S.K.: 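Take this structure first; my questions come after.
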Protein chains: 2
Amino acid sequence: MTDKRRHSWTEIRDSIRQMILDSTYGPGDKLPRDEEFAARFGCARSTVHRAMRDLAESGVVERRRKGGTMVRRDPVTRATLNIPITRLEVEQKGSVYQYQLIRQSVQATTPAIMANFGLPEPRPMLRVEALHLADSRPYIFEDRWICLETVPEIASVDLTRDSANEWLVRNRPYSRCDLRLYARPGTESDSEVLQSNAGDALFVMERTTWIGEEPITSLRAVAHPGYQLVTQG
Amino acid sequence: MTDKRRHSWTEIRDSIRQMILDSTYGPGDKLPRDEEFAARFGCARSTVHRAMRDLAESGVVERRRKGGTMVRRDPVTRATLNIPITRLEVEQKGSVYQYQLIRQSVQATTPAIMANFGLPEPRPMLRVEALHLADSRPYIFEDRWICLETVPEIASVDLTRDSANEWLVRNRPYSRCDLRLYARPGTESDSEVLQSNAGDALFVMERTTWIGEEPITSLRAVAHPGYQLVTQG
DNA sequence: TACATTAATATGTAGCTACATATTATTGTC
DNA sequence: GACAATAATATGTAGCTACATATTAATGTA
């Protein structure tokens, strides 16, 4: 079985995946250990390790030290969402991007925002309501809360010119990001801002980010009717 | 600067990320090459390489052979969606899962489905409409097309008992998956199946998968009003 | 038998070398 | 100067060794 030519880890990965596919190893089965596979394929253990790590990342197998590698019983569809800065999203569609600050004020967090962050106590935050436009038409309306303790510099940013979206993404990396996607019927106030009709179904993205344990920002972005979030992979 | 103790690649990654964060290297800047960093940190190039690969995967930097490593100008928010089998999703919420086959027939692909797959010609596919229930209430309605040429075995599966969702995920790994998420107002026929009201906003997930170049399945899953798709990372 | 201690084991990581590959920079030729 | 051939260079990958770490299995003792 051993083969003299060099094997790439993608080849090894595909071979193992194929064996899982054709039921050589079924859901819940324990796979041979890396060394065993390495001997069989005639490659180094590190190459098998790499292949296995990829399979584990994509949700095909599960690995545990000493426990070995198992074919997952409940395969998962894993897709990576790429959420760019809204300006770039608009520009990549070939549209002209505009931005409007609607409201801005310092407020204590509401219970809903505290829940998003998992905060036990209210905190003073900067609340920013703003509209992103594509070709002069409303694109996404965002209602954002920014933690003034974690991001004090935001107070000195001119948010009539630069969007908080862009400033934060460029200046404040995060270590954790929670996402929540859902559909919501358009309300009266939506109609005003998004020029939508009362019956429209609106796509909503809620995003909350932290740096370590410290809250950065929590926002609800409501997209214009017809908006679609697309991934390929 | 070199340090005798062993450095983990996560440490190196975090150090480099921190330098990007505190503007030692700004957006668009070229980072030192891996060897240079290795010398500075007193670790092996492979360790820096691992750290860099992780930063590249998470969208912080961009790497090109010979071109070196650059801090991305347009940082992206990357989130991994975990889409489990619907049965498991329901059961993990502590609800009782049920499944109902509504309709099943062999049809030629409509232009919309052909577009999803990127097919130039119509193909015969198995169209399956089915309902997933949680605690006897409609949860997700799926309208699915399955390519009979790629997955002929599906013809002999009893879809009144097993959902196509589960059978396919368990038996047909895919190599490519396109996703499309959007909101849509509930229609008349939605109301019947999902017990929704006419004005409801419905969350829709469209998923198309291939194995190599061959189409496997394309489906539109319409969730009950109030459904939310959540990720943590 | 019950429970703590120890050994065994499979994966995870760090470090090294060597070579592959893609891309840029340089050089040579007309 | 234009363009092709060649060299230089930074990242990507494969293979090796050694050790770390987590977890299970085996063992010993009360």
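All figures in this text were calculated on a predicted structure; none of them were measured in a lab. Here is how names work: the chains are called A, B, and so on, in the same order as the sequence lines, proteins then strands, and each is numbered from 1.
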S.K.: Rounded to whole Å, please give me the gap between CD1 in Ile12(B) and C1' in dG15(C).
M.R.: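 Those two atoms, CD1 and C1', are 12 Å apart.
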S.K.: Who are the salt bridge (charged side-chain N to carboxylate O under 4.0 Å, His left out) partners of Glu153(A), not counting sequence neighbours?
M.R.: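 Here the qualifying residues are Arg172(A).
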S.K.: Rounded to the nearest angstrom, tell me the gap between atom CZ in Phe41(B) and atom C1' in dG15(C).
M.R.: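 Interatomic distance, CZ of Phe41(B) to C1' of dG15(C): 17 Å.
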S.K.: Not counting sequence neighbours, which residues clear side-chain hydrogen bond (donor to acceptor under 3.5 Å, both in side chains) with Ser15(B)? List them please.
M.R.: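 Counting only residues at least two positions away or on another chain, Ser15(B) forms no side-chain hydrogen bond (donor to acceptor under 3.5 Å, both in side chains).
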S.K.: By salt bridge (charged side-chain N to carboxylate O under 4.0 Å, His left out), which residues pair with Arg72(A), not counting sequence neighbours?
M.R.: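 Only Asp74(A) meet the salt bridge (charged side-chain N to carboxylate O under 4.0 Å, His left out) criterion with Arg72(A).
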S.K.: Can you run down the ring pair (Phe, Tyr, Trp, His ring centres under 6.0 Å) pairs that involve residues 64-93 of chain B, sequence neighbours left out, and say none if there aren't any?
M.R.: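 Sorted result for residues 64-93 of chain B: empty, none.
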S.K.: Just grab all the salt bridge (Lys or Arg N to Asp or Glu O under 4.0 Å) pairs involving residues 80-96 of chain A, residues at least two apart or on different chains.
M.R.: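 Listed once each, the pairs are Arg87(A)-Glu91(A), Arg87(A)-Glu166(A).
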S.K.: Between Arg176(B) and Asp178(B), is there a salt bridge with N-O shorter than 4.0 Å?
M.R.: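 Between Arg176(B) and Asp178(B) there is a salt bridge, with a charged N closer than 4.0 Å to a carboxylate O.
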S.K.: Output the residues of residues 44-55 of chain B in contact with DNA chain C, where contact means a heavy atom of the residue under 4.0 Å from an atom of the strand; sort by number or write none.
M.R.: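 Output list: Ala44(B), Arg45(B), Ser46(B), Thr47(B), Arg50(B).
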S.K.: Could you check how far CD of Glu35(B) sits from C1' of dA18(C), rounded to whole Å?
M.R.: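 Value for this atom pair: 13 Å.
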S.K.: Name every residue in residues 59-73 of chain B that has at least one heavy atom under 4.0 Å from any atom of DNA chain D, in order of residue number, or write none if there are no such residues.
M.R.: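 Listed by number, they are Arg63(B), Arg64(B), Arg65(B), Lys66(B), Gly68(B), Thr69(B).
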S.K.: Who passes salt bridge (charged side-chain N to carboxylate O under 4.0 Å, His left out) against Asp14(B), sequence neighbours left out?
M.R.: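 With neighbours one apart ignored, the set is Arg17(B).
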S.K.: Mind calculating the distance between CD (Glu11(B)) and P (dT13(C)) to the nearest angstrom?
M.R.: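 Interatomic distance, CD of Glu11(B) to P of dT13(C): 13 Å.
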S.K.: Whole Å only: how far is the NZ atom of Lys30(B) from the P atom of dT9(D)?
M.R.: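 Atom-to-atom, Lys30(B) to dT9(D), this comes out as 11 Å.
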S.K.: Which salt bridge (Lys or Arg N to Asp or Glu O under 4.0 Å) pairs, counting each pair once, include a residue from residues 49-61 of chain A, with sequence neighbours left out?
M.R.: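 Qualifying pairs, neighbours excluded: Arg13(A)-Asp54(A).
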S.K.: Please report, rounded to the nearest Å, how far the P atom of dT24(D) is from the CZ atom of Arg33(A).
M.R.: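 That distance rounds to 17 Å.
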